[in-house]
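Input: a single structure, listed below in structure tokens.
What you see is a predicted model; the values in this text were computed from it and never measured. All residue numbers in this chain count up from 1 along the given sequence. Basis for what follows: all heavy atoms, side chains included, without hydrogens, waters or symmetry-related copies.
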Amino acid sequence: MEFIKNIEKQLESIFKGAPKIPENGRKSIVEIMPWIALVFGILQLLAAWALYGLTKVAVGYIELADQISRAYGGSGVGLSSGEKTFIYVGIILVLIDAVILLMAFPKLQQKLKSGWDLLFLASLLNVVYAVASIFMNGRGIGSFILSLIGSAIGFWILYQIKDHYKSSASTTSAAPKS
């Protein structure tokens, strides 16, 4: 966990000088963030389930095509075991991200820093997914660059609202630090 805290501090120094969202906008984001986490957590659970099912079906058809190709003297077709591994790793990362977002929901409703920490962890996981997507067939560097841009925007928003979260449930107000 210390490793993640070090990343948080390093990114904080990067985003410290970034343009600021007006205070009313930050308060609005803080108010809707639990619901965003809940909706995206559910959507990612559904996406992971659908991707797993589609992958199983696609791999079945690819293996059939491979058998037919070999039966008629052709070379093998389809995905390598490495490509399959990266696809399944991607699905697992989406699933883990969904669980993290769902875990963040009640903490974000209480405006707890631990909820913000879970969003930060989910954002880091998205960067890991971006790296894994480089190796997925049909994705590549374009997907990686777009994912990094999306992650940078997500981190920027997170650091804009960080001061609105308190360390424990016993604190009654979550006033931003000046």
Side-chain angles (χ1 to χ4, degrees), residues 1-8 10-11 14-15 18 29 32-109 114-161:
M1 199 63 173
E2 190 64 33
F3 175 72
I4 293 173
K5 291 293 180 190
N6 288 337
I7 294 172
E8 180 183 335
Q10 289 175 351
L11 287 177
I14 291 171
F15 287 102
I29 292 170
I32 64 170
M33 191 56 75
W35 302 103
I36 291 171
L38 179 66
V39 168
F40 278 93
I42 292 169
L43 289 175
Q44 285 187 313
L45 274 179
L46 294 172
W49 178 257
L51 287 171
Y52 176 72
L54 288 171
T55 300
K56 282 180 59 175
V57 169
V59 166
Y61 281 119
I62 290 168
E63 288 174 355
L64 176 63
D66 183 54
Q67 290 173 359
I68 292 169
S69 175
R70 290 180 191 276
Y72 287 101
S75 63
V77 297
L79 301 172
S80 69
S81 59
E83 289 171 324
K84 289 179 195 175
T85 300
F86 278 109
I87 289 171
Y88 285 115
V89 165
I91 292 169
I92 290 168
L93 289 173
V94 170
L95 181 62
I96 292 170
D97 197 46
V99 171
I100 291 171
L101 289 174
L102 292 173
M103 288 172 47
F105 173 72
K107 295 176 184 207
L108 291 171
Q109 281 189 309
S114 58
W116 185 93
D117 290 340
L118 287 169
L119 289 180
F120 183 78
L121 182 60
S123 296
L124 286 177
L125 196 59
N126 285 327
V127 173
V128 172
Y129 179 81
V131 172
S133 73
I134 292 173
F135 304 101
M136 292 179 198
N137 196 8
R139 299 233 98 185
I141 198 75
S143 176
F144 171 71
I145 291 170
L146 288 175
S147 293
L148 286 184
I149 291 169
S151 293
I153 293 168
F155 282 123
W156 174 70
I157 291 170
L158 277 178
Y159 280 103
Q160 292 289 306
I161 63 173

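- In this structure, CZ in F40 is found 12.5 Å from CG in L102, a value given to the nearest 0.5 Å.
- A distance of 8.5 Å separates CH2 in W116 from OG in S123, rounded to the nearest 0.5 Å.
- The distance from the CD1 atom of I7 to the CG atom of L124 is 5.0 Å, given to the nearest 0.5 Å.
- When every heavy atom of A104 is checked against every heavy atom of G115, the shortest pair comes out as CB-O, 4.0 Å.
- Atom CG of residue L118 and atom CG of residue L125 lie 11.5 Å apart, to the nearest 0.5 angstrom.
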Checklist entry - For Q44 and L51, what are the C-alpha separation, side-chain angles and deciding distance, and is it a side chain to side chain contact (heavy atoms under 4.5 Å, CB included)? => result CA-CA 10 Å; Q44 285 187 313; L51 287 171; over 6 Å; no
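- The two residues L119 and M33 have their closest heavy-atom pair at CD1-CG, 3.5 Å.
- Aromatic ring pairs are classed by plane angle as parallel below 30°, tilted from 30° to 60° and perpendicular above 60°; the pair Y159 and F155 is tilted.
- Note that CD1 of I91 and OH of Y129 are 8.5 Å apart. Values are rounded to the nearest 0.5 Å.
- Distance check, rounded to the nearest 0.5 Å: CG of L101 to CG of L121 gives 9.5 Å.
- S69 places no side-chain N or O within 3.5 Å of a backbone atom of A65 that could act as its donor or acceptor partner.
- Within the 3.5 Å criterion, the main-chain N or O of F15 finds no donor-acceptor partner in the side chain of W156.
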Next on the checklist: Checking F120 against L11 for the side chain to side chain contact (heavy atoms under 4.5 Å, CB included) test, could you report, in this order, the C-alpha distance in whole Å, the side-chain angles of both residues, the deciding distance, and whether it holds?
Outcome noted: CA-CA 11 Å; F120 183 78; L11 287 177; 3.8 Å; yes
Item to check | Test salt bridge (charged side-chain N to carboxylate O under 4.0 Å, His left out) applied to K5 and E2, step by step | outcome: CA-CA 5 Å; K5 291 293 180 190; E2 190 64 33; over 6 Å; no
